[in-house]
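See below for the structure under consideration.
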Amino acid sequence: MPEVIVRKGEPIDRALKRLKSKLDAEGIMDEVRRLRAFETPTQKSKRKAKSNAKRAKAKFRFNTSN
């Protein structure tokens, strides 16, 4: 679980912004949104295609047999 330590004299809104960016980077917010409401078949296929494209891009990028 991501956590943010509020520094002395730091505004709460800035700490919340850092927390939200950490949650977004880890994909937690996307999962919460996905589980909150019904996902149509079109949305499901788009999400899976996006995930597959990201995986393929990473696989291509880190392939060392070039």
Side-chain angles (χ1 to χ4, degrees):
M1 183 57 128
E3 61 181 44
V4 174
I5 298 172
V6 181
R7 299 178 188 119
K8 188 174 182 178
E10 180 183 25
I12 293 295
D13 57 341
R14 186 169 294 161
L16 279 173
K17 187 174 182 179
R18 285 191 301 141
L19 177 63
K20 286 180 183 180
S21 66
K22 281 188 178 184
L23 291 173
D24 194 36
E26 292 189 15
I28 295 173
M29 293 306 294
D30 292 333
E31 186 175 354
V32 168
R33 285 187 200 106
R34 184 175 62 83
L35 295 175
R36 180 183 293 173
F38 176 74
E39 188 176 31
T40 64
T42 304
Q43 291 171 333
K44 193 175 196 178
S45 64
K46 282 184 180 180
R47 177 177 52 82
K48 287 186 176 185
K50 188 176 178 182
S51 174
N52 289 340
K54 187 175 180 180
R55 190 177 305 113
K57 185 178 179 182
K59 190 175 183 180
F60 177 76
R61 183 176 176 199
F62 295 113
N63 189 1
T64 59
S65 65
N66 289 337

Open item on the list: If you count every heavy atom of other residues, nucleotides or ligands that lies below 6.0 Å from Ile5 atom CD1, does the total exceed 12?
Closed with: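 No, the 6.0 Å shell around CD1 holds no more than 12 heavy atoms from other groups.
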Open item on the list: For Arg47, is the CZ atom crowded, meaning more than 12 foreign heavy atoms sit under 6.0 Å from it?
Closed with: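 Yes.
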Which heavy atom in [X] sits nearest to a heavy atom in [Y], and how many Å separate them?
X	Y	answer
Val6	Glu10	CA-OE1, 3.7 Å
Arg18	Val4	NH2-CG1, 3.1 Å
Leu19	Pro2	CD1-O, 4.1 Å

Atom pair [atom1] ([X]) and [atom2] ([Y]), whose distance is rounded to the nearest 0.5 Å:
X	Y	atom1	atom2	answer
Glu26	Ser21	CD	OG	10.0 Å
Lys20	Met29	NZ	CE	8.0 Å
Lys46	Glu39	NZ	CD	11.5 Å

Open item on the list: Using the rule that Ile, Leu, Val, Met, Phe, Trp and Tyr join whenever any side-chain heavy atoms are under 4.5 Å apart, tell me whether Val32 and Leu23 fall into a single cluster.
Closed with: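 Val32 clusters together with Leu23.
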